[in-house]
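Quick notes on the structure that follows.
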Amino acid sequence: MSAPTFTLDNRFATDLPELTISWQAQSPPAPTLLLLNETLADELGLDPDWLRTPDGVGLLTGTALPAAATPVAQVYAGHQFGGLQPRLGDGRALLLGEFGDGRDLHLKGSGRTPLARGGDGLAAVGPMVREYLISEGMHALGIPTTRSLSVVATGATVYRETPLPGAVLARVAASHLRVGSFQYAAGTGDLGLLRRLADHAISRHHPGAAAAANPYLALFDAVITVQAELVARWMLVGFVHGVMNTDNVTISGETIDYGPCAFMDTFDPATVFSSIDGWGRYAYGNQPSITGWNLARLAETLLPLIDDDVEKAIEIATETLGDYATRYQQAWRAGMHVKLGLPAGTDDGLVDELPALLEEHKLDYTSFFRGLARGDVALGLMNWVQRWRAHRPDTEAMNRVNPVYIPRNHLVEEALAAATAGDLDPAARLLDVLGDPFTERPGLERYAAPGSEDFAASYRTFCGT
Ligand code: AMP
Ligand code: MG
C-alpha cells in the first residue's frame with residue numbers, strides 16, 4: 001500500500017469565489033465503505049488499498065482532506081421544469097477540489113450546506129448505489145458521464161418515507177460547471193464574473209474556443225456540439241435522464257445527476273419514469289428538443305459577452321443555435337447507421353422508418369438490435385428487415401455497439417433493495433455485468449432480459465432522494 005501523493009487543487013474556488021461557499025462535510029458516525037471503483041482510483045493515482053483505510057475513507061467522506069484542500073458548496077441557478085430558480089446550489093454536495101488532471105472530486109450526501117433550502121443535506125444508500133451503478137454502466141457504454149468513485153455508508157439514518165441507511169457518494173467529473181452556473185453568474189449582473197466563468201469553462205473544456213474571433217460564441221458553439229452528441233447517445237441507448245433542468249446540463253458534455261433516470265424497455269417516445277414529471281416534459285422522445293431549449297437558456301446568459309450590441313448578439317447566437325437540430329440529427333443518424341450495421345452511404349429510409357416500427361410493434365429497444373443481428377425479429381417487421389438485409393449489414397460490427405446488458409430497471413431495483421438491507425453482492429454482480437455490456441456471456445441470460453410488463457407499467461423514479 002502506498003501513501004497518498006495526490007493533491008487537491010482549488011482552481012474553481014480561486015477563479016470563481018462568487019460561485020462558492022466554503023463548507024465542511026459532516027462527520028459520519030460509523031463510516032463503512034460499500035463500493036469502491038478500483039479502476040477509477042488507479043486512473044486517478046489513488047491506491048485502492050489506501051482508500052480502504054480510515055484515512056482513505058476520510059477522503060471519500062470529505063472528513064480527512066489534504067491540508068491545502070478547501071471544500072466548497074457551489075452556487076448556481078436553474079430552470080426547474082421550466083421555472084427559473086435564481087439561487088440553487090449544492091444543498092447536500094461539496095466540491096472537494098480538483099485532481100492534477102483537472103477533474104473534480106465531489107461528494108453527494110455530505111450534510112446540509114447553506115444552500116440546502118428545506119432539505120436535510122443527506123442521501124440514502126439506495127439512491128447513491130443507483131447513481132454508482134447507472135453512471136458506471138453509462139461509462140462502459142462509452143457515453144460521456146460523471147464517474148462514481150465510491151459509496152460509503154455513514155451509519156446514520158436518513159428519513160424519507162421510511163427510515164433508511166445514509167450514504168455518501170464520491171464522484172469524479174470533468175467539472176461541475178452547468179448551464180445553471182452561467183445563469184447564476186449572468187443573474188448577478190456582474191459582467192466580470194460572467195467573463196471569468198466563461199474563460200474558466202473555455203480553458204477547462206473547450207480550449208479551442210480561445211483562439212476563435214469570438215471566443216464566447218465559440219464556447220457556445222462547442223457546448224452545442226457536445227450536448228447534441230450527448231443527447232444523441234442517450235437516444236441511441238434508450239436512456240431517459242428524467243430531470244433535464246438547466247442545473248443538470250453540463251458545459252463539459254458529460255451526463256450528470258442520476259436521480260430519476262432509467263432505461264426504456266419497450267420502445268415508446270412517451271416513456272417517463274419520474275414521479276414528478278406528470279406532463280412528460282422530460283419524456284424519452286422530448287429529450288432532443290429539451291436540450292435545444294436548455295442551450296437557448298445558455299445562449300441568453302452569454303449574449304453580453306458575444307457582442308456589446310444586444311440585437312447583434314441575439315442574431316449571432318440564434319444563428320449558431322440554429323445548427324443544433326442538424327448536429328443532433330447527424331449524430332443520431334450516424335449512430336443508428338452503425339447500430340444497424342449498414343455500410344457507409346446506404347440507408348434508403350431504413351433509419352428514419354425504424355422508430356415508428358419499434359413503437360407500433362412494442363419491441364424491447366435494447367434486445368431488438370441484438371436479435372436483428374442474430375436473425376431473430378418480429379414478424380411484422382419482415383418487409384423492413386428484407387430491405388435491411390439487402391444491404392448485407394455487418395452483424396459483427398452491430399454487436400460491438402449494441403449492448404446485451406444495460407442497467408435494466410428491475411435489476412437495478414433488486415440490487416438497491418439488497419444494498420439497503422446490507423447485502424452489496426447483487427450490486428457488485430450487476431456492476432460486473434454492466435462493465436462489459438457488449439459481450440454476451442453464458443449464464444447471464446437474466447441480465448439481458450426485460451422485466452415483466454407489470455413491473456414496467458408501475459415503475460416510478462424519484463428526485464432529491
Ligand atoms: P437534483 O434534483 O438532485 O438535481 O437536486 C436539485 C437541488 O436540490 C440541488 O441543488 C440539490 O443540492 C438539492 N437537494 C436535493 N436533495 C437534497 C437534500 N436532501 N438536502 C439538501 N438539498 C438537496
Ligand atoms: Mg442536480
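Just so you know, ligand 1 is whichever comes first in the structure, and atom 1 is the first atom listed for that ligand. Throughout, numbering of the chain's residues begins at 1 and tracks the sequence.
By the 4.0 Å heavy-atom criterion, Val243 is excluded from the residues contacting ligand 1. Between Gly89 and ligand 1 there is a heavy-atom distance shorter than 4.0 Å.
In terms of protein heavy atoms, atom 5 (O) of ligand 1 is closest to Asp257 OD2, 4.7 Å. Protein heavy atom at the shortest distance from atom 12 (O) of ligand 1 is Gly91 N, 2.8 Å. The protein non-hydrogen atom at the shortest distance from atom 13 (C) of ligand 1 is Arg117 NH2, 4.1 Å. With hydrogens left out, the protein atom closest to atom 16 (N) of ligand 1 is Arg92 NE, 3.2 Å, a heavy atom. Atom 6 (C) of ligand 1 has as its closest protein heavy atom Gln80 NE2, 4.0 Å.
Of the heavy atoms in Phe462, none comes closer than 4.0 Å to ligand 1. With a heavy-atom cut-off of 4.0 Å, Asn245 does not touch ligand 1 at all. Neither the backbone nor the side chain of Arg112 comes within contact range of ligand 1; no heavy atom lies under 4.0 Å.
Residue-ligand proximity, Gly121 to ligand 1, at heavy-atom distances under 4.0 Å covers atoms 18 (C), 19 (N), 20 (N), 21 (C). Remark: ligand 1 atoms within the under-4.0 Å shell around heavy atoms of Arg160 are 19 (N). Against a heavy-atom cut-off of under 4.0 Å, Asn248 is close to the following atoms of ligand 1: 4 (O).
The Mg ion (ligand 2) has an N, O or S atom of Asp257 under 2.8 Å away, backbone or side chain. Among the atoms of Asn245, none of the N, O or S atoms falls under 2.8 Å from the Mg ion (ligand 2).
Ring orientation note: the planes of Phe273 and Tyr459 are nearly perpendicular, at an angle over 60° on the 30°/60° scale. Aromatic ring pairs are classed by plane angle as parallel below 30°, tilted from 30° to 60° and perpendicular above 60°; the pair His106 and His176 is parallel.
No side-chain donor from either of Ser274 and Asp277 sits under 3.5 Å from a side-chain acceptor of the other. Between the side chains of His79 and Asn245, no donor N or O sits under 3.5 Å from an acceptor N or O. No donor-acceptor contact under 3.5 angstrom links the side chains of Ser150 and Tyr132, judged on distance only. With no hydrogens or angles considered, a side-chain donor-acceptor pair links Asn10 and Thr70 at under 3.5 Å.
For atom 19 (N) of ligand 1, a protein non-hydrogen atom is found at a distance below 4.0 Å.
Using a cut-off of 4.0 Å between Lys/Arg side-chain N and Asp/Glu carboxylate O, Glu414 and Arg429 are scored as not salt-bridged. Salt bridge present: Glu131 and Arg171 bring a charged side-chain N and a carboxylate O closer than 4.0 Å. Taking the charged nitrogens against the carboxylate oxygens, Arg103 and Glu98 have no contact shorter than 4.0 Å, which rules out a salt bridge.
The distance from the CZ atom of Arg112 to the CZ atom of Arg117 is 11.0 Å, given to the nearest 0.5 Å.
When all heavy atoms of Ala25 and Leu94 are compared, the closest pair comes out as N-CD1, 3.4 Å.
Taking any N or O of Asp120, backbone or side chain, at least one lies under 3.5 Å from an N or O belonging to ligand 1.
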